[in-house]
Amino acid sequence: MLDIKFIRENKDIVIAGAKKKHIEVDVERLISLDDKRKELQKIIDDKRAEQNAASQKIVSISDPAEKQKLIASMAEVKQVMQTAEGELETIMQEWRALMVRVPNVPDFSVPEGESDADNQEVKTWGEIPTFSFEPKSAAELLAMHDMVDTERGAKVAGFRGYFLKNDGVRLVWALERFVQDRFMNREGFEPIIVPSLVRREPFVGTGYLPQSEDDLYKTQDGDYLAGTAEVAMMGYFMDEILEKKDLPLKYFAFSPCFRREAGSHGKDEKGIFRVHEFVKYEQVILCEARHDESVKHHEELTENSEKLLQELKLPYHVVVNCGGDIGLGQVKKYDIEAWMPSEKRYRETHSSSYFHDFQTRRLNIRYRDEDGTVKFVHSLNNTALALPRILAHIVENNQEADGSIAVPEVLRGYIGKDVILHTQRS
RNA sequence: GGAAGGGUGGCUGAGAGGUCUAAAGCAUCGCACUUGAAAUGCGACGUGGGGCAACCCACCGUGGGUUCGAAUCCCACCCCUUCCGCCA
């Protein structure tokens, strides 16, 4: 959520920002509602002041007749106030509905565009592998090695269900220990395991609700299953005032993740690339409210993930997402996408965003500055590692002509072998 | 799921229709005393909104209600704690 004052003072910037993100919201309407809001609030404040003054007086009047007279006159004040309050409530309903739909203003460096097709490549790393044979898809390779069973997955868990098996599990567990080792103690990140079953407020606070209800699983108790640890991690500090000396706060957060993938039928139907249920290690940073701090940490978060891909020797590129492909709250977003040989294109492994105070304003997470003023902190997040998705990139990029898969060097110590042989099964 | 007890400022906690503009203590900050620190004394000390300002308004879990007036009474809900039940 943006500050209404900011919206009023920077109307044109806000409108242009919404347009860049391809989000429809009537900012003019919001401002005229806000004018009305201020007007009614003034009336109510004045009447209440009158009432407060009379209240004091009533106590001190000893003559019963005079006292009754004043009390009776206050009944009229009450009437006026109730009418104004009723009007205000009506206006506020629409005001609030509009406020939560006003998007954060994207950074100047965010390119124009409608969809992920318009994202701009800002960096590439690694050499795209060449094969003397037609590379198999991850789905084929994983099935071939009995690393994943999607047929029984569907039987048991429904569409996009899966069982991970054998070397599929070994690789996932190796990757978990690999990423844990990289983040534990080394980069100033505090490890934390967060809930996936989360109440509504943190979803609204992080900007997932109210507009993405369809993307979330909901329980009969009114809770939701989070699609990322970001939701609970940000909720952790809801309604708190932090100390500046404690900033930046950096977290290496783990959680199971659940996504309905509504509207993505037909996409990535095979394999384990797009599933309803997975696990993810997520980086979250809360820092002081300065643009340059946010930018600095955003680059840091992105680099952290790049290093992992470099160690895994997966060729990747970084794209800066265009206006139409970033969410309501984000100022800027990089997607990191690793090469997928069977598709001859890069596919997303990481998503790195910063929000300024968009999330923390909704969540009411603040800190006290040196001069004693209270400010909303800035928030950022990026994937550390999402599993099992990256298995797809690993098996495809490391496949041999006979279907064997070379284990990335950094994982060999964890998994205890150098290669997953096609012939190993009888 | 059953029963009981609770939710008040950064923390502890008083407060039971009007003087609550929320006691007191702790913590924090400033000053004094001190070689320095501790201790002590004095003072400051919540958040948000409106106003050039004096000042005004709101906020005691949330939302309604009663009343001229609600932290206080009524209703609903949310959350927490303890015990029982269930359970990895």
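So that the names make sense, note that chain A is the first sequence line, chain B the second, and so on, each numbered from 1. Predicted, not measured: the structure shown is a model, and the values here were computed from it.
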Q. Mind checking whether A:Tyr236 and A:Ile192 have side chains closer than 4.5 Å, heavy atoms only?
A. yes

Partner nucleotide, any strand, of [N] [Watson-Crick/G-U, under 3.5 Å]:
{"N": "B:U35", "result": "none"}
{"N": "B:A24", "result": "B:U12"}
{"N": "B:U67", "result": "none"}

Q: Using the test ring-ring contact (aromatic ring centres under 6.0 Å, His included), find all partners of A:Tyr208 that sit at least two apart in sequence or belong to another chain.
A: none

Q.
According to ring-ring contact (aromatic ring centres under 6.0 Å, His included), who are the partners of A:His291, at least two apart in sequence or on a separate chain?
A.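 Counting only residues at least two positions away or on another chain, A:His291 forms a ring-ring contact (aromatic ring centres under 6.0 Å, His included) with A:His356.
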
Q. Choosing from B:U67, B:U47, B:G50, which nucleotide comes nearest the side chain of A:Arg366?
A.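 So the side chain of A:Arg366 is nearest to B:U47.
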
Q) Is the shortest distance from a Lys or Arg side-chain nitrogen in A:Asp167 or A:Arg170 to a carboxylate oxygen in the other one below 4.0 Å? A) yes

Q) Is any NZ, NE, NH1 or NH2 atom of the basic residue among A:Arg177 and A:Asp181 found under 4.0 Å from an Asp or Glu carboxylate oxygen of the other? A)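 Here A:Arg177 does not pair with A:Asp181 in a salt bridge, since their nearest N and O are not under 4.0 Å apart.
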
Q: Measure the distance from CE on A:Met81 to P on B:U66 and round it to the nearest whole Å.
A: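 Atom CE in A:Met81 sits about 13 Å away from atom P in B:U66.
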
Q: Starting from C1' on B:G46, measure out to CD1 on A:Ile241 and report it in whole angstrom.
A: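 The distance from CD1 of A:Ile241 to C1' of B:G46 comes to 8 Å, rounded to the nearest Å.
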
**Q.** Which residues share a salt bridge (charged side-chain N to carboxylate O under 4.0 Å, His left out) with A:Asp292, sequence neighbours left out
**A.**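 Only A:Arg290 meet the salt bridge (charged side-chain N to carboxylate O under 4.0 Å, His left out) criterion with A:Asp292.
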
Within the sub-3.5 Å range, which N or O atoms of nucleotides 15-21 of chain B have a protein N or O partner, and how far apart are they?
| unit_1 | atom_1 | unit_2 | atom_2 | d |
| --- | --- | --- | --- | --- |
| B:G18 | N2 | A:Ser55 | OG | 3.3 |

Q) Ring centres of A:Tyr334 and A:His298 under 6.0 Å apart? A) yes

**Q.** Within the 6.0 Å centroid threshold, strictly below: A:Phe183 and A:Phe252
**A.** yes

Ring-face cation contact, [Y] with [X], 6.0 Å cut, 45° max:
{"X": "A:Arg199", "Y": "A:Tyr224", "result": "no"}
{"X": "A:Lys244", "Y": "A:Tyr367", "result": "no"}
{"X": "A:Arg389", "Y": "A:Phe273", "result": "yes"}

Q: Return the residues of residues 83-93 of chain A meeting this criterion: a heavy atom under 4.0 Å from some atom of RNA chain B. Order them by number, or give none.
A: none

Q: Provide the distance between the two P atoms, one in B:C29 and one in B:A37, to the nearest whole Å.
A: 13 Å

Q: With C1' as the reference atom in both, quote the distance from B:U12 to B:G17 in angstrom, rounded to an integer.
A: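 My reading of the C1' atoms in B:U12 and B:G17 gives 27 Å.
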
Give me, pair by pair, the N or O atoms of the protein and of nucleotides 51-57 of chain B that are less than 3.5 Å apart, along with how far apart they are.
| unit_1 | atom_1 | unit_2 | atom_2 | d |
| --- | --- | --- | --- | --- |
| B:C57 | OP1 | A:Asn52 | ND2 | 2.9 |
| B:C57 | O2' | A:Asp45 | OD1 | 2.6 |

